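To find a chain, count down the sequence lines: A is the first, B the second, and so on, and within it residues start at 1. Bear in mind the structure is a predicted one, so any value in this text is a computation, not a measurement.
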Amino acid sequence: AQKITQTQPGMFVQEKEAVTLDCTYDTSDPSYGLFWYKQPSSGEMIFLIYQGSYDQQNATEGRYSLNFQKARKSANLVISASQLGDSAMYFCAMREGGYKPGYSTLTFGKGTMLLVSP
Amino acid sequence: NAGVTQTPKFQVLKTGQSMTLQCAQDMNHNSMYWYRQDPGMGLRLIYYSASEGTTDKGEVPNGYNVSRLNKREFSLRLESAAPSQTSVYFCASSEIAGGGYNEQFFGPGTRLTVL
């Protein structure tokens, strides 16, 4: 079974609208972290937001927020007020294993391509 | 601070040739990683080094070797390149191995084509 599933290969949104990118995960470890990265057409990987499995509140970073539903094992990224510069590939990733040495590796989903139109 | 740097940016190899991809970070991070990115596949972990002196296999290690030269540098070697190794390779680093908020910082990537 895939550990990270991103079911939307592509999403379209109009400028200034909000958009939700879906991510579901699979783990039996009680301690884990969820990350979202952005990859624009230039190719670099840009960290956006992090949610820990024990965090009580949903993470927010500027226009980015993470809708964390632990029971459903989902960690959807919400981008408010989309901008043209948000057009990019977005990856959800998971780190398992808490504080065990060597368990800092990330498992990535296949990504969602977001296109923002004027 | 340059962050994570990778050389070369682009490389074309013939089948059977060997090469080493270089990666260095100036953030004093303990852990370093090598990923490959193929269309429609996301990023897959090749090898990682949780700390200086240790290396471990990731999801797709076959055909690769790594060396953690010192705390700053982590190289990836293809001994006999194959067309299936055509990919974009990313190096990353993070502060600690395991635990809490542990963002990975990525290099700009190396685009490798094997003919």
Side-chain angles (χ1 to χ4, degrees), chain A residues 2-10 21 23 25 29-55 57 59 61 64 66 88-113, chain B residues 2-6 9-10 23 27 29-61 66 68 87-112:
Chain A
Q2 287 188 20
K3 288 194 173 184
I4 295 286
T5 302
Q6 294 181 254
T7 57
Q8 306 153 314
L21 306 183
C23 173
Y25 59 92
D29 199 316
S31 178
Y32 54 90
L34 296 154
F35 298 76
W36 278 91
Y37 282 84
K38 172 185 178 181
Q39 187 179 42
S41 58
S42 51
E44 73 267 33
M45 295 289 289
I46 302 167
F47 166 74
L48 295 177
I49 197 166
Y50 167 81
Q51 179 86 42
S53 59
Y54 295 120
D55 293 344
Q57 293 187 326
E61 288 286 348
Y64 305 107
L66 203 152
M89 182 72 86
Y90 288 80
F91 291 99
C92 180
M94 177 173 64
R95 173 193 51 74
E96 298 172 279
Y99 287 86
K100 298 173 191 173
Y103 280 75
S104 59
T105 60
L106 293 179
T107 301
F108 283 82
K110 294 184 179 182
T112 296
M113 175 65 78
Chain B
V4 180
T5 57
Q6 293 182 235
K9 287 192 168 65
F10 301 93
C23 174
M27 295 174 281
H29 285 167
N30 285 301
S31 302
M32 297 185 73
Y33 316 82
W34 277 105
Y35 294 90
R36 62 177 288 173
Q37 183 179 21
D38 303 297
M41 295 296 293
L43 277 75
R44 292 181 293 169
L45 183 67
I46 304 171
Y47 271 94
Y48 68 100
S49 172
S51 61
E52 189 179 354
T54 69
T55 60
D56 285 285
K57 295 178 181 179
E59 181 186 353
V60 289
V66 290
R68 183 74 183 267
S87 189
V88 180
Y89 292 85
F90 286 98
C91 178
S93 70
S94 64
E95 187 169 336
I96 59 171
Y101 172 69
N102 192 23
E103 173 195 348
Q104 290 188 14
F105 294 81
F106 283 80
T110 294
R111 188 174 294 274
L112 175 67

Visitor: Which atom pair, heavy atoms only, marks the closest approach of A/F35 to B/E103?
Guide: CE2-CA, 3.9 Å

Visitor: What part of B/E59 is in contact with chain A, defined as an atom under 4.5 angstrom from a non-hydrogen atom: side chain, backbone, both or neither?
Guide: neither

Visitor: Go through the atoms of B/L43 and report whether side chain, backbone, both or neither lie under 4.5 Å from a heavy atom of chain A.
Guide: both

Visitor: Just do the side-chain contact (heavy atoms from CB on, under 4.5 Å) check on A/F108 and B/L45 with the steps written out, would you?
Guide: CA-CA 9 Å; A/F108 283 82; B/L45 183 67; over 6 Å; no

Visitor: Heavy-atom distances under 4.5 Å only: say whether A/Q6 touches chain B with side chain, backbone, both or neither.
Guide: neither

Visitor: For residues B/F106 and A/I46, determine if any side-chain heavy atom of one lies less than 4.5 Å from a side-chain heavy atom of the other.
Guide: no

Visitor: Are any non-hydrogen side-chain atoms of A/F91 and B/Q37 less than 4.5 angstrom apart?
Guide: yes

Visitor: Counting only heavy atoms not in B/R44, do more than 12 fall under 6.0 Å of its CZ?
Guide: yes

Visitor: Sort out for me which of A/M89, A/E44, A/M45 touches chain B most, counting heavy-atom pairs under 4.5 Å.
Guide: A/M45

Visitor: Is the backbone of B/Q104 close enough, under 3.5 Å, to the side chain of A/Y37 for a donor and an acceptor to pair up by distance?
Guide: yes

